[in-house]
Amino acid sequence: MRVSQLLIPTLRETPAEAEVISHQLMYRAGFIRKTAAGVYTYLPLAHRVIQKISRIVREEMDAKGGQEIMLPIIQPAELWQESGRWAVYGDEMFRLKDRHQREFCLGPTHEEVVTDLVRGEVRSYKQLPLLLYQIQNKYRDERRPRFGLMRGREFIMKDLYSFDRDAANCKQSYAKMYDAYQRIFSRCGLSFRPVEADAGAIGGTGGTHEFMVLADSGEAGIVYCPQCDYAANVEKAECKPQVKAIDATPSAKELVATPGAKTIEAVTKFLHTEPECLIKTLIYRIDAKLVVVLVRGDREVNEIKLNNVFGAMTVELASAQEVNQLCKCETGYVGPVGLTEVEIVADAEVPLMVNAVCGANDNGYHFKGIKPGRDFTINQVVDLRTIEAGEPCPKCGEPLATARGIEVGQVFNLGTTYSEKLNAKVLGENGKEQTLYMGCYGIGVTRTMAAAIEQNYDQDGIKWPMPLAPFQVVIVPVNLKEQAVVDAAEKLYAELLKQRVEVLIDDRDERPGVKFKDADLVGYPLRVTIGAKTLQDGNVEVKFRATGQVEFVPVEAVVDFLQVQIAAQLASCGN
RNA sequence: CGGGGUAUAGCGCAGUUUGGUAGCGCGCCUGCCUUGGGAGCAGGAGGCCGCAGGUUCGAAUCCUGCUACCCCGACCA
């Protein structure tokens with residue numbers, strides 16, 4: 001295609017509203033425009049990238065026996081009421097009514113709809129396993145859309161749903177998808193890592209993994225073991241209690257004045273002790289109930305784990321008033337001693353503490369010499385904290401490393417959670433009905449596009465991995481007044497088209513600098529510059545966007561040269 | 001949902017305090033000129049100053065209400 005004819009509205013300046021790099025670059029390079037908060041229009045370049053990602057996804061889904069279908073975006077409330085998620089999903093769901101006041105939603109996901117299909121059409125175990133997938137828009141009314149395509153309200157997602165006769169077969173489907181995902185993100189040319197994850201709102205009884213594209217700007221924290229294959233989202237990573245050497249001889253409980261010391265830091269300083277000697281006491285409101293949560297002073301509560309302990313809908317810190325009512329003091333002096341009316345849950349490290357410090361539930365006072373179990377009762381001891389870098393790997397004991405990641409895919413083993421609620425059964429070999437085992441496997445297509453940029457850019461613009469690039473090659477004739485230059489460019493363009501290379505020719509009557517800047521910004525992997533001087537020597541210049549490397553190639557050899565480069569780059573990531 | 005901010009040309013912004021009918025840079029159009037990293041000169045197009053009320057002889061500017069968008073927060077006692 002010709003740049004002069006393509007809608008690629010590049011901008012010299014970054015729109016004020018774009019915060020993250022992928023958003024800024026996609027806006028500036030003419031990939032996207034915003035239509036509403038969290039809702040974007042995809043221009044031709046973005047559309048091409050989306051098609052490329054989708055194609056890779058399709059090929060790998062099909063290779064595992066997946067069958068592509070399309071499911072409705074507008075979904076009736078009844079189905080969601082049946083699964084119980086009409087109420088659970090809350091404000092995240094776009095809801096609407098038709099002219100008869102019947103309720104619908106814009107599908108945030110499609111478990112209900114697809115299960116409804118299967119329960120109606122699949123009767124026998126002989127029809128299993130059944131792997132159905134779709135690549136479509138999904139809708140989530142995020143409480144705060146941000147980061148451009150990373151957290152939009154309308155986004156493109158691939159979801160595959162697996163239906164199996166039993167848990168063992170379901171596990172096989174899960175393994176197939178896990179494998180497919182490894183292949184997909186490899187083929188996209190991305191650096192990624194699958195991690196153990198929390199199942200969150202989708203729930204389900206089996207395991208779940210998230211696929212993280214590694215990027216410093218990632219929203220998710222992950223830990224991984226440099227020695228073995230263990231890797232997990234910090235939300236999920238299980239913590240072993242780490243015993244710190246504290247004075248092991250228990251002493252008596254002692255009330256000490258700590259005026260003005262309302263933070264871990266202040267109390268530590270005031271009493272000349274260490275954060276790990278303090279018991280951090282937090283009052284949470286879990287659904288409607290207040291709960292006392294204890295972790296060591298140097299640790300952080302993991303609200304996801306806390307939520308899972310209670311199977312709760314909402315987990316929130318209690319308000320200052322609620323704390324005051326319960327403990328009769330300000331938040332800075334809260335402690336577990338004497339709190340008998342509420343449930344006290346403690347992280348596994350807390351019972352190991354001796355001579356600890358905690359708030360005295362009296363403004364300006366703390367206790368010293370506290371021994372959990374002796375001075376207060378713990379109702380439940382569980383892993384409640386967030387793991388930290390350097391802690392031993394739960395599998396092999398080596399110190400864990402941390403990284404940031406962008407979640408681009410997640411695989412869930414759902415078990416019978418949905419099929420039971422929606423009554424999805426088939427007849428088994430024994431002639432009896434059995435409930436289907438399900439899995440669901442999502443990939444954020446538009447988010448993958450954004451993640452690819454977060455991982456591959458420099459100050460000049462995007463550096464597309466070859467498999468995702470909207471075009472593989474751009475030809476830049478330096479001067480349109482030089483007939484020889486134009487002729488050589490057009491000839492090369494025609495030849496590359498014939499060879500089915502995805503090529504653009506920048507035939508705009510612009511100065512060379514403008515074309516170079518745009519080429520760098522959009523991020524074509526290969527740029528062929530054709531100028532009068534090099535052409536006199538019979539050469540053209542090929543520049544690699546990713547490395548900045550430049551090669552002069554004889555005109556007659558350039559088609560082959562480019563094809564070899566493209567094939568090599570594609571092959572290097574398994575295409 | 002809580003707090004803060006913004007809304008003026010396609011993009012980035014000034015003008016608002018002190019009311020007098022809109023400006024700068026980039027981009028866009030025409031011409032000349034230029035051609036290996038966002039050139040130069042000349043001419044030009046483009047704005048219901050977010051929306052709706054109000055005050056005033058007169059409102060981008062003051063007042064009221066609304067809407068949209070952005071940022072921060074909703075995580076540590």
Side-chain angles (χ1 to χ4, degrees), chain A residues 9-20 23-24 27-28 30 33-39 90-92 141-148 221 234-235 258 261-268 275 278-285 292-304 306-307 314-320 322-324 326-327 329-336 347 357-361 363 366 384-386 460-461 476-482 485-486 508-521 527 529-535 540-541 543 548 550:
Chain A
T10 57
L11 300 174
R12 296 194 182 201
E13 286 170 288
T14 303
E17 63 178 55
E19 194 65 19
V20 297
H23 190 197
Q24 292 175 355
Y27 224 115
R28 275 194 63 205
R33 287 295 183 263
K34 185 175 69 183
T35 302
V39 179
D91 294 334
E92 291 260 300
D141 195 359
E142 294 283 345
R143 54 183 157 183
R144 187 176 157 207
R146 55 181 141 178
F147 306 143
V234 293
E235 292 177 347
T258 51
K262 297 173 66 171
T263 63
I264 294 289
E265 194 187 359
V267 173
T268 302
L278 271 56
I279 296 174
K280 194 191 281 189
T281 308
L282 301 157
I283 312 299
Y284 271 91
R285 191 175 56 253
V292 178
V293 177
L294 308 178
V295 293
R296 224 167 63 185
D298 58 330
R299 302 302 197 188
E300 298 201 343
V301 168
N302 184 325
E303 293 187 357
I304 308 270
L306 184 59
N307 189 320
T314 61
V315 167
E316 273 182 310
L317 277 176
S319 68
E322 287 171 310
V323 171
N324 196 277
L326 183 74
C327 306
C329 68
E330 293 177 44
T331 53
Y333 305 103
V334 167
D347 176 69
V357 172
C358 69
N361 294 326
N363 286 341
H366 280 75
L384 278 182
R385 66 187 179 87
T386 302
D460 293 318
V476 178
V478 166
N479 184 343
L480 296 189
K481 298 288 189 294
E482 302 269 357
V485 167
V486 173
R508 295 174 299 169
D509 188 11
E510 291 283 357
R511 293 167 60 85
V514 173
K515 299 186 187 182
F516 294 154
K517 287 289 184 189
D518 271 356
D520 288 346
L521 182 60
R527 188 186 86 199
T529 310
I530 301 181
K533 286 174 205 156
T534 48
L535 201 56
V540 297
E541 174 196 300
K543 184 164 185 178
V550 171

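Everything numeric in this text was worked out from a predicted model, so none of it was measured. Lettering of chains follows the sequences in order, A, B, ..., and the numbering in each one begins at 1.
The CD-P distance, from A:Glu142 to B:C1, rounds to 15 Å in whole Å.
Shown here are the salt bridge (charged side-chain N to carboxylate O under 4.0 Å, His left out) partners of A:Glu482, two or more places apart in sequence or in another chain: there are none. Among residues two or more places apart in sequence or in another chain, the side-chain hydrogen bond (donor to acceptor under 3.5 Å, both in side chains) test is passed with A:Glu322 by A:Arg285, A:Ser319.
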| remark: Letter by letter from the 5' end, nucleotides 35-42 of chain B scores (B base, S sugar-phosphate only, - none; protein heavy atoms under 4.0 Å) BBBBB---
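Considering only heavy atoms from C-beta on, A:Arg12 stays 4.5 Å or farther from A:Lys517 through its side chain. Within the 4.5 Å cutoff, side-chain heavy atoms of A:Arg508 are placed close to those of A:Lys515.
No salt bridge links A:Glu92 with A:Arg143; every basic N to acidic carboxylate O contact stays at or beyond 4.0 Å.
Nucleic acid contact class of A:Val323 (heavy atoms, under 4.0 Å, all strands): base. A:Glu19 comes within 4.0 angstrom of the backbone, heavy atoms only, and of no base.
Residue order along RNA chain B, read from the 5' end via each residue's closest nucleotide, puts A:Ala36 first among A:Ala318 and A:Ala36. Comparing A:Ile264 and A:Thr14 by the nucleotide of RNA chain B whose heavy atom lies nearest to each, the residue mapping closer to the 5' end is A:Thr14.
Applying the 3.5 Å distance criterion, the base of B:G25 shares a donor-acceptor pair with the side chain of A:Glu13.
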